[in-house]
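This one's a predicted model, so the numbers in the text were calculated from it and none came from an experiment. Residue numbers count from 1 along this sequence.
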Amino acid sequence: MSTQKTPLLPSLSAFFLTVLPFITSSILGAWIIRNEALIERFNLQDWAIVCVVCALACALALIPPTLLAFAFGYFLGWWALVPLILLNLAAIALVYEITKRLNGEVLLRYLSHFPRVVSMLNRIQKDELQFVFFTKLSPVVPFALTNLIFSLLKIRFSNVILGGFLGMIPRTALAVWVGLEAKGLRQLIENPNENITSRVVVIILVIVSVIGLTRVFVKR
C-alpha cells in the first residue's frame with residue numbers, strides 16, 4: 001500500500017513548491033501595487049513585523065524571496081540587504097527544523113529506487129558546503145525546494161547556513177538593485193528583468209551555479 005502512495009509525493013511537492021507560490025506571489029504583488037503609498041509610510045516597527053511574517057511565508061513556500069527582494073529594494077534601497085538576508089536565513093532554519101521532525105525517510109526510500117539519484121546524493125554529501133552555495137547562488141532554483149532538499153539530505157546545519165548566506169548575497173543584491181533602479185512599482189512587479197544589465201547578471205549567476213553544481217556531481 002505504501003509503495004503505491006509514494007509516487008504521489010513528487011506531485012504534491014510540485015504543487016506546494018511551485019504552483020502555490022505563484023498564486024500567492026501574484027496576490028501579494030497586486031496588493032503591493034495597490035498599497036504603495038501605505039508601504040512608503042512604514043516605520044521601523046512595521047518593517048520588523050513585515051520581516052517576521054515574510055520569514056514565515058518563505059519557510060512555508062508561500063512567497064519567493066526574489067519578489068521580496070524586489071519590493072524591499074524598491075522601498076528601502078540598499079538598506080534592504082540586511083533584513084532580507086536575515087529573514088532568508090531564518091526561513092532556511094525554520095524549514096530545516098520542521099523537516100527534521102517530519103517523516104522524510106518516505107521520500108528518501110522512494111528516491112533510493114533510482115541508482116543514479118543515489119549516486120548523486122552520495123556526491124552531494126561529500127561536498128555539502130559547495131552544493132548549498134551553488135544551489136543558493138542560482139536565481140532559477142526554487143528557494144523552498146532547496147531548503148527542503150537540504151534537510152532531507154541531512155546536510156549539516158552549519159553548512160546550510162554558511163553556504164546559504166554566501167550564495168544568497170549575489171542574487172539578493174541583484175534583486176535589490178533591480179528594485180532600487182525601477183521607475184515604477186507596477187513595472188517592477190510585472191517585468192522585473194527588463195533591465196539588460198540584470199539579465200546579463202542573471203545569466204552569469206546561472207552559468208556559474210551550473211558549472212559549480214556539475215563539478216560537485218561529477219567529482220570522484
Rounded to the nearest 0.5 Å, how far apart are CD1 of Ile63 and OG of Ser25?
-> 8.5 Å
Quick one: closest heavy-atom pair of Pro65 and Asn88, and the distance?
-> CB-OD1, 3.4 Å
Between Thr172 (side chain) and Ile169 (backbone), is there a donor-acceptor pair under 3.5 Å?
-> no
Working to the nearest 0.5 Å, report the span between CE of Met168 and CG of Leu81.
-> 11.0 Å
From CA spacing to verdict: side-chain contact (heavy atoms from CB on, under 4.5 Å), Asn147, Lys136 = CA-CA 9 Å; Asn147 295 340; Lys136 285 300 182 184; 2.8 Å; yes
Take Val132 and Phe150 through the test side-chain contact (heavy atoms from CB on, under 4.5 Å) and record every step on the way to the result.
-> CA-CA 8 Å; Val132 174; Phe150 297 156; 3.9 Å; yes
Using the side chain to side chain contact (heavy atoms under 4.5 Å, CB included) rule, pick out the option among Thr135, Val208, Leu137 that qualifies with Leu213.
-> Thr135
When rounded to the nearest 0.5 Å, the distance separating CD of Gln130 from CG of Leu166 is 12.0 Å
Single-linkage hydrophobic cluster Ile161~Leu86, side-chain heavy atoms < 4.5 angstrom = no
Establish whether Phe42 and Val52 are linked, either directly or via other cluster members, by ILVMFWY side-chain heavy-atom contacts under 4.5 Å.
-> no
Minimum heavy-atom separation for Gly77 to Leu180, with atom names?
-> CA-CD1, 3.6 Å
Taking all heavy atoms of Ala175 and all of Thr66, pick out the closest pair and write down the distance.
-> CB-O, 4.3 Å
In Å and rounded to the nearest 0.5 Å, what is the OG to CD1 distance from Ser138 to Ile207?
-> 11.0 Å
Under the 3.5 angstrom rule, does the side chain of Tyr96 hit a backbone N or O of Ile155 as a donor-acceptor pair?
-> yes
Take atom CH2 in Trp79; do more than 12 heavy atoms of anything else shown fall under 6.0 Å from it?
-> no
Separation of Glu128 CD from Ser158 OG (nearest 0.5 Å) | 8.0 Å
Give a yes or no on whether Leu68 and Val82 share a hydrophobic cluster (residues Ile, Leu, Val, Met, Phe, Trp, Tyr; joining criterion: side-chain heavy atoms under 4.5 Å apart).
-> no
CD1 of Ile27 to CG of Leu62: how many Å apart, nearest 0.5 Å?
-> 10.0 Å
Quick check: does any side chain N or O of Asn35 sit under 3.5 Å from a backbone N or O of Ile32, one acting as donor and the other as acceptor?
-> no
Report, as yes or no, whether the 6.0 Å neighbourhood of atom CD on Glu40 holds more than 12 heavy atoms from other residues, nucleotides or ligands.
-> yes
Single-linkage hydrophobic cluster, 4.5 Å side-chain cutoff, Ile39 and Val53 together | no
Assess whether side-chain contact (heavy atoms from CB on, under 4.5 Å) is satisfied between Leu87 and Cys58, documenting all intermediate values.
-> CA-CA 9 Å; Leu87 73 87; Cys58 288; 4.3 Å; yes
Should the ring pair Phe72 and Trp47 be called parallel, tilted or perpendicular, given that the plane angle runs from 0 to 90° and is split at 30 and 60?
-> perpendicular
For atom CZ of Phe157, is the number of surrounding heavy atoms from other residues, nucleotides or ligands below 6.0 Å larger than 12?
-> yes
What is the minimum heavy-atom distance between Leu84 and Ala69, and which atoms define it?
-> CD1-CA, 3.6 Å
Determine whether Val95 and Phe165 fall in the same hydrophobic cluster, where Ile, Leu, Val, Met, Phe, Trp and Tyr are linked whenever their side-chain heavy atoms lie under 4.5 Å apart.
-> no
